[in-house]
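In what follows, a single structure is set out as structure tokens and then discussed.
Residue numbers begin at 1 in each chain, while the letters A, B, ... track the order of the sequences.
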Amino acid sequence: MSEVGDVLAQLDERKPRLVLNVEGHALPVTNLDKVLWPAAEGSSPLTKRDLLRYMTRVSPWLLPHLAGRPLFVTRYPDGINGKSFYQKHWDEPPDFARNISIYSSHKEGDGDYLICGNLATLLWLSQMAGLELHPWFSRIDPQPDAKGKGRKFSGSEATLDKSVLNFPDFVVVDLDPYEYSGREGKGEEPELHRRAFNRTRDLALRLRELLTGLGLQTFVKTSGRTGLHLYLPILRKFDYDAARGIAETIGRYALQQWPGEVTLEWSVERRTGKIFFDYNQNSRGKSLAAIFSPRRNALGTVSMPVAWEQLEEIYPTDFTLRTAPDLLEERGDPWAEILSAKQDLAQLLEERTA
DNA sequence: GAATATA
DNA sequence: TATATTCAACGCCTG
DNA sequence: CAGGCG
Ligand SMILES: [Mn+2]
Ligand SMILES: [Mn+2]
């Protein structure tokens, strides 16, 4: 039996706690019937067992996207309505998990970061109620496009600066609609609604047209909450600062082209009515919710990749812990080849400035 | 959620 | 054995 | 340096 089928069969045993055998590793899992996503309008509750099943089923598509990337999580031990917190470092991760030492400017010293390279690590994070996965945009493997870059990440800022971890695989754009439905409580973030999502979708389609015109291939996914994530895969010739500069340039162009739709404002209140073009995540140690990551959303939505041709037919709530695995098995992952579609921005800039 | 301390 | 307490991030920008 | 922000 496949590893996925084997773990799913073990999870069918209706005990509240089990010791899973995952690829030969013993993994204790507890509180399997604890509700992490309470029942909402039109949806039954989702438990920790449901989370483990979901992660197991999507793992064949998810793990390749996490390979070699430092990963942190948002933990919700008491469910999505309970207290949550980020966790980047683990004292003593299980022996099947990989930990690497990376310099941190904040700490002025080294810290250990987790890299998730197997199903056991993924399910251990679920047991820790690490629902939301946040992988870096850079990774430790220099193959195939960063062969000369350093592979030592600790000791000093200078060492990390010149290492492969300072060179992201993507320029990313986070599109967050700040059009409010009017039903939000005071001080709350805008909730998902049709008009705001449709505007965000239309902006994404225009951005795609712009980038296609420059000969660039872009990938799109739902964030799992209200907006969209655009990823532009690049050869690792530019560091994070340069990637951020490119995203900012695209953002300034978009603001000038569509001033009624786009905002680059850092102040939340000044974003009202517009779509926040967030280029600020192009930074070492920052992240967006991973592809296929569950989110803090009443319906149990996940971040789902979408083919551009399908973007006008979808809505973020189409993709949940319940629905995404079947869809993935039917249609496959539109992002599967993203690392084979890396583009030479250095050459493009050279051509266009020449 | 887990480790630790205390009754 | 049961309960209480503590802990779990950080990079960048602006004033 | 503190506070805002994601
Ligand atoms: Mn977003
Ligand atoms: Mn954002």
Is there a side-chain contact between [X] and the phosphate of [N], meaning an N or O under 4.0 Å from OP1 or OP2?
{"X": "A:H89", "N": "C:dC7", "result": "no"}
{"X": "A:S104", "N": "C:dG11", "result": "yes"}
{"X": "A:Q87", "N": "B:dG1", "result": "no"}
{"X": "A:K107", "N": "C:dG11", "result": "no"}
{"X": "A:K34", "N": "B:dG1", "result": "yes"}

Whole-Å gap separating [atom2] ([N]) and [atom1] ([X]):
{"X": "A:R270", "N": "D:dC5", "atom1": "CZ", "atom2": "C1'", "value": "14 Å"}
{"X": "A:Q281", "N": "C:dC13", "atom1": "CD", "atom2": "P", "value": "13 Å"}
{"X": "A:F277", "N": "D:dC5", "atom1": "CZ", "atom2": "C1'", "value": "17 Å"}
{"X": "A:N99", "N": "C:dA8", "atom1": "CG", "atom2": "P", "value": "16 Å"}
{"X": "A:Y76", "N": "C:dC7", "atom1": "OH", "atom2": "C1'", "value": "18 Å"}
{"X": "A:N31", "N": "B:dG1", "atom1": "CG", "atom2": "P", "value": "5 Å"}
{"X": "A:Y113", "N": "C:dA9", "atom1": "OH", "atom2": "P", "value": "9 Å"}
{"X": "A:N282", "N": "C:dC13", "atom1": "CG", "atom2": "P", "value": "12 Å"}

So for atom CD, which belongs to A:E269, do other residues, nucleotides or ligands contribute more than 12 heavy atoms lying within a distance under 6.0 Å?
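No, the 6.0 Å shell around CD holds no more than 12 heavy atoms from other groups.
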More than 12 heavy atoms of other groups within 6.0 Å of A:K15 NZ:
no
I'd like to know if A:R225 pairs up with A:E189 as an ion pair, taking the criterion as any Lys NZ or Arg NE/NH1/NH2 lying under 4.0 Å from an Asp or Glu carboxylate oxygen.
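Result for this pair is yes, salt bridge flagged.
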Between A:D169 and A:K342, does any NZ, NE, NH1 or NH2 come within less than 4.0 Å of an OD or OE carboxylate oxygen?
yes
Nucleotide nearest [X] when distance is taken to its side chain, options [options]:
{"X": "A:F85", "options": "B:dG1, C:dA8, C:dC10", "result": "C:dA8"}
{"X": "A:S283", "options": "B:dG1, C:dA9, C:dG11", "result": "C:dG11"}
{"X": "A:H106", "options": "C:dC10, C:dA9, C:dA8", "result": "C:dC10"}

How far does the C1' atom of C:dA8 sit from the matching atom of B:dA3, given to the nearest Å?
12 Å
Spacing of the C1' atoms in D:dC5 and C:dA9 (rounded, Å)
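My reading of the C1' atoms in C:dA9 and D:dC5 gives 14 Å.
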Interatomic spacing from CG in A:L230 to CG in A:D174 - rounded to 0.5 Å
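Rounded to the nearest 0.5 Å, the CG-CG separation comes to 9.0 Å.
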Once you apply a heavy-atom cut-off of 4.0 Å, does A:D78 come out as touching a base, just sugar-phosphate, or nothing?
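If one applies the 4.0 Å heavy-atom cut-off, A:D78 turns out to touch nothing in the nucleic acid.
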Contact class for A:K48 vs. all strands (heavy atom < 4.0 Å): base, sugar-phosphate, or nothing?
sugar-phosphate
